[in-house]
Number of protein chains: 2
Amino acid sequence: MVKQTQTMTTSEWEIMRVIWTLGEATSRQVIRVMAKKTDWSPSTIKTLITRLQAKGYLTDNGAIRDRLYLPTVAEHEAMTATLSRTFHAMCAMCVGQALVDVLATTPLSKHDITHLQDTLQTKYAQAPDRIACDCMPHQQEEIAHHDK
Amino acid sequence: MVKQTQTMTTSEWEIMRVIWTLGEATSRQVIRVMAKKTDWSPSTIKTLITRLQAKGYLTDNGAIRDRLYLPTVAEHEAMTATLSRTFHAMCAMCVGQALVDVLATTPLSKHDITHLQDTLQTKYAQAPDRIACDCMPHQQEEIAHHDK
DNA sequence: GACTTTAGTCTACAACTGTAGATTATAAAA
DNA sequence: TTTTATAATCTACAGTTGTAGACTAAAGTC
């Protein structure tokens with residue numbers, strides 16, 4: 001089983017969120033924080049930290065004990081990477097509509113909304129009238145999809 | 001290892017895209033289509049179909065042979081469900097900015113953009129000035145995140 | 001009816017994930 | 001210095017996923 005690009009699992013992602021927020025953290029700190037949200041054992045958290053290091057998402061300050069773990073990727077980078085992958089895996093033709101639905105229930109600040117509006121407005125001029133379905137190799141099959 | 005909600009894996013998702021597009025399909029059809037995009041063996045595709053059935057994402061018309069497989073969930077439902085899960089796993093405070101970045105490179109039609117704009121405009125009135133970071137249990141920790 | 005094709009089912013297996021106990025080593029306390 | 005607490009490492013194990021060969025059973029062909 002040849003695994004392509006390493007990705008963070010959902011559990012690993014939760015650990016990263018804590019470390020991203022703190023900037024750097026010891027395993028003890030992560031364990032302390034996670035204890036409030038989950039019932040994971042300290043061992044589980046240490047395992048996840050080790051795996052995150054193996055995957056290259058964390059480094060450490062080299063201390064033998066009370067070691068500090070640091071992210072090698074910014075949270076923001078990781079988020080856009082994940083979202084891009086997610087969108088790319090989906091039917092290009094349907095992404096827009098799905099986004100409409102999801103945005104409706106996603107909490108966004110006025111600031112976020114303004115930025116999104118700016119982005120959309122900028123895109124509008126160059127935007128095509130329709131995006132082709134890319135679910136199947138052939139172009140004409142996209143029509144079938146459309147007719148669904 | 002107690003698995004929560006069943007989810008589609010990326011490989012399974014690719015199979016579903018074909019079947020969603022065709023509306024219903026025999027394994028042979030799926031194999032034929034996938035042969036153009038991947039080098040998966042017919043066996044692999046049959047395994048994936050079986051797993052999708054086990055997970056409840058596909059049913060079939062009961063035929064002994066040349067059986068037709070049908071989605072039990074609309075593509076659109078599956079997409080919004082996946083996107084919701086993805087967003088919920090991420091820092092609520094950062095989602096807006098990440099979306100700005102990703103939308104910039106996501107192909108959208110004029111129609112999509114208009115709809116998104118409508119949605120955003122509707123949200124604006126009730127939108128808060130800021131979304132709190134939900135990476136850690138305590139409220140004050142969100143400040144640390146903000147200061148990053 | 002024997003033969004060929006191929007759809008569907010079974011079995012397989014390694015890597016990845018979720019989850020965590022056992023062991024080792026280091027620093028702090030007594 | 002012996003003891004104690006606990007980081008860090010090792011080992012473990014079942015369920016999931018990627019990937020596919022082997023086997024069984026229909027359906028069509030000669």
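These numbers come from the heavy atoms of this one structure, side chains and all, not from hydrogens, waters or symmetry mates.
Legend: ring-ring contact (aromatic ring centres under 6.0 Å, His included) pairs involving residues 32-64 of chain B, not counting sequence neighbours: none detected.
In this structure, the CG atom of A/D39 is 11 Å from the P atom of C/dG21, given to the nearest Å. If you measure from atom CG of B/L48 to atom P of D/dA20, you get 10 Å, rounded to the nearest angstrom. A straight line from CD of B/E14 to C1' of D/dT19 spans 14 Å, rounded to a whole angstrom. Across the protein-nucleic acid pair, A/M34 atom CE and C/dG18 atom C1' stand 13 Å apart, rounded to whole Å. To the nearest angstrom, P of C/dA7 lies 15 Å from CG of B/D60. To the nearest angstrom, C1' of D/dT9 lies 9 Å from CZ of A/R67. Whole-Å rounding puts the A/E12 CD to C/dT19 P distance at 12 Å. Atom P of nucleotide D/dT16 and atom CZ of B/R51 are separated by 10 Å, given to the nearest angstrom.
In terms of phosphate contacts, B/R65 brings no side-chain nitrogen or oxygen within less than 4.0 Å of OP1 or OP2 of C/dG8. Listed pair A/K55 / C/dT17 meets the phosphate criterion, a side-chain N or O lying under 4.0 Å from OP1 or OP2. Residue A/S11 places at least one side-chain N or O under 4.0 Å from the OP1 or OP2 atom of C/dG18. Under 4.0 angstrom from either OP1 or OP2 of C/dT17 there lies no side-chain N or O belonging to A/T47. An OP1 or OP2 oxygen of C/dC16 is reached within less than 4.0 angstrom by no side-chain nitrogen or oxygen of A/T9. Within the 4.0 Å cut-off from OP1 or OP2 of C/dT6, not a single side-chain nitrogen or oxygen of B/R32 is found. Remark: B/T44 is in phosphate contact with D/dA20, judged by side-chain N or O atoms under 4.0 Å from OP1 or OP2. Residue A/S43 places no side-chain N or O under 4.0 Å from the OP1 or OP2 atom of C/dG21.
A continuous path of ILVMFWY side-chain contacts below 4.5 Å connects B/V30 to B/V73, so both sit in one hydrophobic cluster.
Using a 3.5 Å distance cut-off with no hydrogens or angles, the side chains of B/T44 and B/S41 do pair a donor with an acceptor. Judged by distance alone, the side chains of B/Q97 and A/D112 never bring a donor and an acceptor atom under 3.5 Å apart.
Side chain of A/K123 to backbone of B/I113: no donor-acceptor contact under 3.5 angstrom is found.
Among D/dA26, C/dA27, C/dG8, the nucleotide with an atom closest to any side-chain atom of B/I64 is D/dA26. Closest approach to the B/D66 side chain among C/dG8, C/dA7, C/dT26 is made by C/dA7 (side chain taken as heavy atoms from C-beta onward).
DNA chain C is contacted by both B/K46 and A/W40; B/K46 maps to the nucleotide lying nearer its 5′ end (nearest heavy atom per residue).
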